[in-house]
Structures are given as C-alpha cells and as structure tokens.
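Notes follow the structure.
Just so it is clear, the model here is predicted, and its values are computed rather than measured. We count residues from 1, following the sequence as given.
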Amino acid sequence: AETNTFLAAEGETDALSGSISRAGEAILAIDLNDVETFNDTRDGRLLTYLFETEFLPTAYLTTTVDVTGISEMSVGAMSTQTLTGELAIHAVRQVVNAEVMVIKTSDTTFSVNTIEPILVNSDSFDMSSGIEVLRTIAGLSSIGESVPVYLNLKFVINEDANATGVEMPEEPIAPSN
C-alpha cells in the first residue's frame with residue numbers, strides 16, 4: 001500500500017509523524033513532549049500543567065487530502081485546497097479548517113503549507129485550568145488562550161507494500177508504568 005510519510009528537516013527530532021493513505025486519509029501525530037519555546041522553565045510548565053503529557057503526550061490532526069488531484073499535478077504545480085479535519089488535543093476532538101497550498105515538488109514528493117494559521121483555542125480543548133495555573137505560577141495578569149499553528153509539511157510517496165501509516169487511537173492510551 002502506498003503511504004506518504006512526513007520527513008523532518010535534517011537534524012530535527014521525530015516530534016511529528018504522519019501519513020496519507022491511497023484513499024487520502026491523512027493523519028499527523030504531534031509529540032507534545034517536544035514543544036520548544038527556548039525557555040526550559042516555560043517548556044516544563046507547559047508539558048506538566050497545560051498539555052499534561054504524562055497522561056496525554058500526543059496530539060492528532062486528521063483530514064482527507066485529494067491524492068488523485070495531487071498525483072495528476074505536474075512537478076512544480078501549486079494548488080490551494082480547503083481542508084476540514086479533526087484536531088485531537090488533551091483527549092478533546094474539535095473540527096478545524098485550513099486553507100493550504102499544495103506544491104508538487106517532484107514525481108515522488110509534495111509539500112502542504114498553511115496559507116493562514118489554524119487557530120487553536122485552549123478553552124475548546126479543556127485546557128483553561130492549565131492556562132490559569134500557568135498564569136498564577138508566572139505571576140501574570142493574563143495569558144493568551146489562542147495560538148496560531150502553521151504547517152509546513154513535506155510528504156514522500158512510499159511504494160513499500162509493508163509500510164504502515166500513522167494510526168490515531170479511538171480513546172487516549174493509558175500511560176504505562
């Protein structure tokens with residue numbers, strides 16, 4: 001089965017993995033333990049109090065991509081698509097929409113880039129109490145509850161019949177001790 005695989009830039013960690021099936025079912029898995037704000041104290045607090053990665057370490061984005069349209073594009077061609085999908089963070093799933101630019105970069109690779117950010121609101125994902133804890137610990141009068149998320153992804157067509165795609169569990173996976 002053909003699987004399109006996300007490639008991290010050279011030297012980057014595997015914080016993001018993803019696949020697109022022949023039917024166009026796309027799944028991205030984001031390891032929230034790899035959140036990086038370039039402030040170790042803030043990073044630790046985000047993981048502990050906001051994302052609670054000890055229990056819910058992965059966020060997922062699912063959508064459907066027009067793989068036939070992409071395969072029919074000529075190398076160098078670009079097309080815009082509106083993607084509607086589901087974002088799962090903190091065991092809460094919400095519908096999200098994204099305007100993306102798809103660029104066929106070679107016969108076997110294509111990129112998907114957001115034209116405008118996906119706005120993620122902490123309240124929509126049951127994380128407002130985590131925001132309040134962070135605000136209190138940092139001694140701030142407020143913390144923004146929405147964050148813009150940009151995607152710049154590169155996929156490679158994988159013809160390996162044994163390749164497996166990323167899977168999103170139906171329910172959060174209990175931590176192992």
Side-chain angles (χ1 to χ4, degrees), residues 4-20 24-66 69-70 78-105 109-155 166 168 172:
N4 297 292
T5 310
F6 172 81
L7 293 180
E10 190 172 328
E12 289 185 5
T13 63
D14 295 334
L16 179 66
S17 58
S19 61
I20 303 172
E25 298 163 347
I27 300 176
L28 297 177
I30 303 110
D31 183 350
L32 297 173
N33 283 304
D34 286 335
V35 166
E36 177 64 59
T37 67
F38 302 105
N39 178 310
D40 291 340
T41 301
R42 181 174 43 226
D43 293 347
R45 290 175 179 169
L46 285 173
L47 300 181
T48 301
Y49 302 114
L50 184 65
F51 296 127
E52 298 178 298
T53 58
E54 180 182 348
F55 305 106
L56 303 160
T58 308
Y60 294 93
L61 177 63
T62 61
T63 190
T64 302
V65 177
D66 179 8
I70 294 170
M78 298 181 282
S79 94
T80 59
Q81 294 184 20
T82 301
L83 301 178
T84 298
E86 185 178 78
L87 180 60
I89 304 175
H90 210 247
V92 177
R93 298 174 187 221
Q94 295 288 327
V95 172
V96 293
N97 296 299
E99 292 291 321
V100 298
M101 175 69 64
V102 177
I103 305 169
K104 188 159 184 181
T105 52
T109 60
F110 63 94
S111 65
V112 177
N113 307 289
T114 48
I115 295 170
E116 294 182 8
I118 300 168
L119 292 177
V120 177
N121 185 306
S122 62
D123 191 46
S124 298
F125 292 94
D126 195 27
M127 294 190 294
S128 54
S129 61
I131 292 286
E132 182 59 22
V133 169
L134 293 174
R135 187 197 64 74
T136 301
I137 290 172
L140 301 172
S141 59
S142 67
I143 294 179
E145 293 183 8
S146 291
V147 62
V149 176
Y150 295 87
L151 300 176
N152 181 359
L153 307 170
K154 179 179 178 183
F155 288 89
V166 172
M168 181 173 136

For this session: To the nearest 0.5 angstrom, please state how far the CD atom of E36 sits from the CG atom of D43.
Result: 5.0 Å
Seminar exercise, completed: One should read off an interatomic distance between T58 OG1 and L28 CG, to the nearest 0.5 angstrom, of 12.5 Å
Exercise. Can you find a heavy atom in the side chain of V92 that is under 4.5 Å from one in the side chain of Q94?
Worked result: yes
Problem set entry | Heavy-atom side-chain proximity of L151 to V112 below 4.5 angstrom | no
For this session: Indicate yes or no: at least one non-hydrogen side-chain atom of S146 is less than 4.5 angstrom from one of N121.
Result: yes
For this session: Mind checking the OG1-CG spacing from T53 to L32? Nearest 0.5 Å is all I need.
Result: 7.0 Å
Problem set entry | Distance-minimising heavy-atom pair for V102 and Q81 | CG2-NE2, 3.9 Å
Exercise. Short question: side chain of T63, backbone of T84 - any donor-acceptor pair under 3.5 Å?
Worked result: yes
Problem set entry | Atom CG of N39 with >12 non-hydrogen neighbours under 6.0 angstrom | yes
Problem set entry | Minimum-distance pair of heavy atoms, taken over all atoms of A29 and Y60 | CB-CE2, 3.7 Å
Exercise. Does any pair with a residue in residues 111-124 pass salt bridge (Lys or Arg N to Asp or Glu O under 4.0 Å), and if so which ones, sequence neighbours excluded?
Worked result: none
Exercise. Are any non-hydrogen side-chain atoms of V65 and V100 less than 4.5 angstrom apart?
Worked result: no
Exercise. Going from OG on S122 to CD on E132, what distance comes out if it is rounded to the nearest 0.5 angstrom?
Worked result: 11.0 Å
Exercise. For L83 and T64, which heavy atoms make the closest approach, and how far apart are they?
Worked result: CD2-O, 3.5 Å
Problem set entry | Note, I70 side chain near F155 side chain (heavy atom, < 4.5 Å) | no
Exercise. Which heavy atom in A88 sits nearest to a heavy atom in R93, and how many Å separate them?
Worked result: CB-CG, 3.8 Å
Problem set entry | Smallest separation among heavy atoms of F51 and M127, with atom names | CD2-SD, 4.1 Å
Exercise. Taking C-beta and beyond as the side chain, do F110 and I20 meet within less than 4.5 Å on heavy atoms?
Worked result: yes
For this session: Might you work through the side chain to side chain contact (heavy atoms under 4.5 Å, CB included) test for V149 and L87, ending with a clear yes or no?
Result: CA-CA 12 Å; V149 176; L87 180 60; over 6 Å; no
For this session: Hey, could you give me the CG/CE distance between N113 and M101, rounded to the nearest 0.5 Å?
Result: 8.5 Å
Exercise. In terms of heavy-atom contacts, does CD of E25 have more than 12 from other residues, nucleotides or ligands at under 6.0 Å?
Worked result: no
Problem set entry | Minimum-distance pair of heavy atoms, taken over all atoms of S111 and T105 | OG-CG2, 4.3 Å
Exercise. How long is the gap from CD1 on I89 to CG on D126, to the nearest 0.5 Å?
Worked result: 12.0 Å
